[in-house]
2 protein chains.
Amino acid sequence: MLYGMTSPADDRSLPLRDRKRLRTRRTLAETALRLFTAHGFDAVTLDRLVDEVEVSKSTFFRAFPAKEAVAVEAETELWRAYLDQLRGRDLSGNVLDALHTRLTGAVEALDPGWDERYRATRRLVLTAPALLAYVDHHRTGVEDEAAAHLADRLGLDADDLRPRVLARITTTCWSVAARAWVRDDGRGGRAALLNALADAHRSVPASLALTAGR
Amino acid sequence: MLYGMTSPADDRSLPLRDRKRLRTRRTLAETALRLFTAHGFDAVTLDRLVDEVEVSKSTFFRAFPAKEAVAVEAETELWRAYLDQLRGRDLSGNVLDALHTRLTGAVEALDPGWDERYRATRRLVLTAPALLAYVDHHRTGVEDEAAAHLADRLGLDADDLRPRVLARITTTCWSVAARAWVRDDGRGGRAALLNALADAHRSVPASLALTAGR
DNA sequence: TACCAAACGAGACCGAGTGTCACTATCGGC
DNA sequence: GCCGATAGTGACACTCGGTCTCGTTTGGTA
């Protein structure tokens, strides 16, 4: 199997065992995205997927917690990077701006192939209700974790409303920006995506003031 | 709407067929809540539940789309009432305030037994990951629908950020208020719940301004 | 080389959810 | 009150995702 440019799975510094595990994981995700895109999420059974990759079902479930998970790897990577950024850097100034900055940093840290995989994932999600449910839930978990982290870092009460609101606003901005970007087939690359995200964040303060014309 | 002791399933104005269907539905929800609470969501199989109620599995799936759904009926009722309020009344003034008012109205419209059932549901959700995922997804759907309705009513673009942000803020306020209320075992009844909800909404504007101490 | 631990494959098993079909009960028209 | 159309029901077979067990292989280590 040819990988072109190097990737985590080729990292010679890792023990062979781990490299193999990562390679299996990546092969599963790639194959899954290809099969699901070609025939639909529901039409491709797990048996067929693991057969294609030539691993056992056991191996699949050691790599992924559910069928849905392997289809939305790109989504998972994004939010993992976001939470990493959040944990890794100090906070100062306006918190919503900080969240925006961390999300931007996360996107910039993703590997070069991510763009393509993310768009394929999002298109897939639109066709399979089970996937939509899965990402909704996953995103909620990310929001909770981000909010908990903020509350901790800022010394706030565990169920203070404010960090929760901010965490949810940030993911909402992402949804809107990403949807438009995917609709445009990723035109403009990551720069365009991050521009859309910044636009979204800029228009947040106006939201609270929104009024219905009499 | 006041049902007193009678309930929708006893409403003599409905055709007998519909009354039966509603009664089955209610019995399933009640029995499910009882069994799940007593033995755990995972430990009670659908076969056992339908056996207890003396209906077939087919009948169950005609009444509910999934095992999770029957466990969170109270949650579903709340958000259905919320969307009803939203669709049924005109908008004027600040939109976030309006959403708060609609949610309050929804709570007031729920039947008297709802309080107890909702608390049982929420306690259950804390113990079963599958239920958590289900309500997360369901709530996201409600937010989407509310946002779409607002956008339509206000003549905004379909992916305008503002109604989405407001819709999500309102459900976030609900989460925080309801969690505290359930933790207190519903002390103070609905009045206390609605007070907590109002408090939450009042503290929203301060969120955007939140800053990290330098 | 020998040993240990970790990952793997095979396959039995469970339970949710779907589809089919014959049966039964309700409803509306007469 | 009778009767045909129709909607709801039960029984059952089936698919498929996910768990568990256990014997085997493979990479790390002394």
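Throughout, protein chains are lettered first and strands after them, A, B, ... in sequence-line order, and every chain is numbered starting at 1.
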Figure out the [atom1]/[atom2] separation between [X] and [N], and round it to whole Å.
X	N	atom1	atom2	answer
B:E54	D:dA11	CD	P	11 Å
A:R21	C:dA5	CZ	P	18 Å
B:D51	D:dA11	CG	P	10 Å
B:R19	D:dG8	CZ	P	15 Å
B:R25	D:dA7	CZ	C1'	17 Å
A:F36	D:dG17	CZ	C1'	12 Å
A:D47	D:dC14	CG	P	18 Å
B:F64	D:dG8	CZ	P	15 Å

Ring pair (Phe, Tyr, Trp, His ring centres under 6.0 Å) against [X], all qualifying residues, sequence neighbours excluded:
X	value
A:F41	A:F36
B:H137	none
A:F60	A:F64

Go through the structure and list residues passing salt bridge (Lys or Arg N to Asp or Glu O under 4.0 Å) with A:R123, not counting sequence neighbours.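 Checked A:R123 against salt bridge (Lys or Arg N to Asp or Glu O under 4.0 Å); matches are A:D185.
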
What one-letter contact string describes nucleotides 18-30 of chain D from 5' to 3', where B marks a base within less than 4.0 Å of any protein heavy atom, S marks contact via sugar-phosphate atoms alone, and - marks no contact? BB------SBS--

What salt bridge (Lys or Arg N to Asp or Glu O under 4.0 Å) pairs are there with at least one residue in residues 149-172 of chain B, not counting sequence neighbours?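 Sorted pair list: A:E143-B:R168, A:R183-B:D159, B:D90-B:R153, B:E143-B:R168, B:D144-B:R164, B:D160-B:R162.
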
Below 4.0 angstrom from OP1 or OP2 of C:dG9, is there any side-chain N or O of A:T59?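 Answer is yes, contact under 4.0 Å.
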
Between D:dC16, D:dG8, C:dA16, spot the one nearest the side chain of A:T45, thanks.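 Of D:dC16, D:dG8, C:dA16, D:dC16 is nearest to the side chain of A:T45.
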
Are the charged groups of B:D136 and B:R139 less than 4.0 angstrom apart, N to O?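 Salt bridge absent between B:D136 and B:R139.
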
